[in-house]
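Numbering of ligands and ligand atoms starts at 1, following listing order.
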Amino acid sequence: AKSSGRNGVAFFDPQMQAQADQRAMLTQDLHTAIRECQFQLHYQPIVQQQSVTGVEALLRWQHPEQGMISPAVFIPFAEQTGLIIAIGDWVLMEACQQLACWQQQPELRRFTCSVNISSFQFAQADFVEKVVAAIIGSGVNPEGLRLELTESMLATDIAMVQEKMGKLQTLGVSFSLDDFGTGYCSLSYLHQLPIGQLKIDQKFVRNIHTRQGNLAITKAILALADSLDLDVVAEGVETSEELQQLKALGCRSFQGYYFSRPMPANAAFAKIMQPLNV
Ligand code: C2E
Ligand code: CA
Ligand code: CA
Ligand code: CA
């Protein structure tokens, strides 16, 4: 078999094999993670003027051997294996429970918690029921719950999307369009669906004060949002230069390391309650 070389049937690529092993291991570990509750939510403040108006819940996986694994790594994987459904259910319930707890503070009555929804989750026939179960189970006021969707998941069956979003909107849930500008370019759904907020992707925010292309795109998104009466959050704000440029363009809500990294619930709460000096 050794001599069969590139034309032989016994072709063996150690690198591909290693990748396959790694995938099998990760799948196994994800099953365990769900069973043993190795997930956590961190919360990143969303800032408007001097105060934190809400947070985005971001999933963290504390792997027993490999340490913290980024959602950018394991979410695509969880989607391929279908495990995203169980993980997504947990995220919804956990975020709603945390928000319900924060809502006890009179100052936080209008506070929002944004939750990322995978396209696989949203496409499930019982998605609305899952959200309703998390609302009822946690006792959260649904007015504080904001679901982050992406453009690609809306470009499917518009009637189905309208029905799901409509039912949730009736309960008080609101919707944000994540990574805006990076996905499909059809804008027609923007006024056909109950979307209240656009999030400008961090790739357009990066060095917006020096990069003409990013400046032009961000300006166009802000103008579009203004004419459709949508809120806008600029994501991934890292420097005061970026912030000043965004403010000069009329953007009023921001999220990014410049203000705060995502943090565990207790630390996020301290940040939320403390006035910012920015
Ligand atoms: P996203 O929804 O676009 O979330 C924003 C990402 O940008 C987060 O990465 C956040 O930590 C990071 N970020 C925030 N501010 C800054 C900044 O100033 N600079 C830079 N460089 N990055 C910043 P994270 O937490 O690693 O999450 C990555 C992606 O994983 C998310 O992107 C989202 O698509 C997905 N994700 C996270 N949590 C969940 C979840 O609960 N469910 C689902 N389905 N997806 C999730
Ligand atoms: Ca998001
Ligand atoms: Ca985003
Ligand atoms: Ca993203």
TODO: Fit a plane to each ring of Phe74 and Trp61, take the angle between them on a 0 to 90° scale, and name the class: parallel (under 30°), tilted (30 to 60°) or perpendicular (over 60°).
DONE: perpendicular
Open item on the list: Looking only at N, O or S atoms, which one in Asp178 sits nearest to the Ca ion (ligand 3)?
Closed with: OD1
Task: Side chain proximity check, Thr239 to Asn207, heavy atoms < 4.5 angstrom - done: no
TODO: Could you check Ser253 against Asp231 for side-chain contact (heavy atoms from CB on, under 4.5 Å), going step by step and ending with a plain yes or no?
DONE: CA-CA 8 Å; Ser253 283; Asp231 294 334; over 6 Å; no
TODO: Check whether any side-chain heavy atom of Phe175 lies under 4.5 Å from a side-chain heavy atom of Leu168, and answer yes or no.
DONE: yes
- [ ] Flag Glu148 as yes if one of its N/O/S atoms falls below 3.0 Å of the Ca ion (ligand 3), otherwise no.
- [x] no
- [ ] Kindly state each residue pair satisfying salt bridge (charged side-chain N to carboxylate O under 4.0 Å, His left out) with at least one member in residues 48-64, sequence neighbours excluded.
- [x] Glu56-Lys199
TODO: Answer yes or no for Glu235: is there an N/O/S atom below the 3.0 Å cut-off from the Ca ion (ligand 3)?
DONE: yes
Open item on the list: Heavy-atom distances under 4.0 Å decide this one: backbone, side chain, both or neither, for Ser118 against ligand 1?
Closed with: both
Task: ligand 1 contact by Glu235, heavy-atom criterion under 4.0 angstrom - done: yes
- [ ] Report the relative orientation of the aromatic rings in Phe254 and Phe259; use parallel for angles under 30°, tilted for 30 to 60°, perpendicular for over 60°.
- [x] parallel
Task: Contact atoms of ligand 1, heavy-atom distance to Val237 under 4.0 Å - done: 18 (O)
TODO: Considering just N/O/S atoms, say which atom of Asp179 is closest to the Ca ion (ligand 3).
DONE: OD1
- [ ] Determine whether the side chain, the backbone, both or neither of Arg60 has a heavy atom under 4.0 Å from any heavy atom of ligand 1.
- [x] side chain
Task: Met153-Leu198 co-clustered via ILVMFWY side chain contacts under 4.5 Å - done: yes
TODO: Give the C-alpha distance, both sets of side-chain angles, the deciding distance and a yes or no for side chain to side chain donor-acceptor pair (under 3.5 Å) between Gln40 and Gln62.
DONE: CA-CA 8 Å; Gln40 254 185 292; Gln62 186 65 52; over 6 Å; no
Task: Option with minimal heavy-atom separation from atom 45 (N) of ligand 1, where the choices are Thr150, Thr182, Asp178, Ile75 - done: Ile75
Open item on the list: Is it the case that ligand 1 has an N or O less than 3.5 angstrom from some N or O of Leu59?
Closed with: yes
Task: Subset of ligand 1 atoms that lie under 4.0 Å from at least one heavy atom of Val91 - done: 41 (O)
- [ ] Take Leu92 and Leu147, measure what side-chain contact (heavy atoms from CB on, under 4.5 Å) needs, and give me the verdict at the end.
- [x] CA-CA 10 Å; Leu92 266 170; Leu147 303 182; 4.2 Å; yes
Open item on the list: Counting only nitrogen or oxygen atoms and a 3.5 angstrom limit, does Tyr257 reach ligand 1?
Closed with: yes
Open item on the list: Tell me which N, O or S atom from Glu56 is the closest to the Ca ion (ligand 2).
Closed with: OE2
- [ ] Can you sort out which atoms of ligand 1 are near Gln44, meaning under 4.0 Å from one of its heavy atoms?
- [x] 14 (C), 15 (N)
Open item on the list: Can you confirm, on distance only, whether ligand 1 has an N/O atom lying under 3.5 Å from any N/O atom belonging to Gln255?
Closed with: no
TODO: Give, for atom CZ of Phe204 and atom CD of Glu235, the distance between the pair rounded to the nearest 0.5 Å.
DONE: 11.0 Å
Open item on the list: Does any part of the side chain of Gln17, heavy atoms only, come nearer than 4.5 Å to the side chain of Pro14, both counted from C-beta?
Closed with: no
Task: Region of Gln202 that comes within reach of ligand 1 [heavy atoms, distance under 4.0 Å] - done: side chain
Task: CA sep, side-chain torsions, deciding dist, call: Leu154, Met165, side-chain contact (heavy atoms from CB on, under 4.5 Å) - done: CA-CA 10 Å; Leu154 307 181; Met165 291 178 78; 4.2 Å; yes
Open item on the list: Counting backbone and side-chain atoms alike, is an N, O or S atom of Ser176 positioned under 3.0 Å from the Ca ion (ligand 2)?
Closed with: no
Open item on the list: Which of the numbered atoms in ligand 1 are under 4.0 angstrom from any heavy atom belonging to Glu56?
Closed with: 2 (O), 4 (O)
TODO: Find all atoms of ligand 1 within a distance of less than 4.0 Å from any non-hydrogen atom belonging to Pro262, and give their numbers and elements.
DONE: 11 (O)
- [ ] For Asp179, take its heavy atoms, then give the atoms of ligand 1 lying under 4.0 Å from any of them.
- [x] 3 (O)
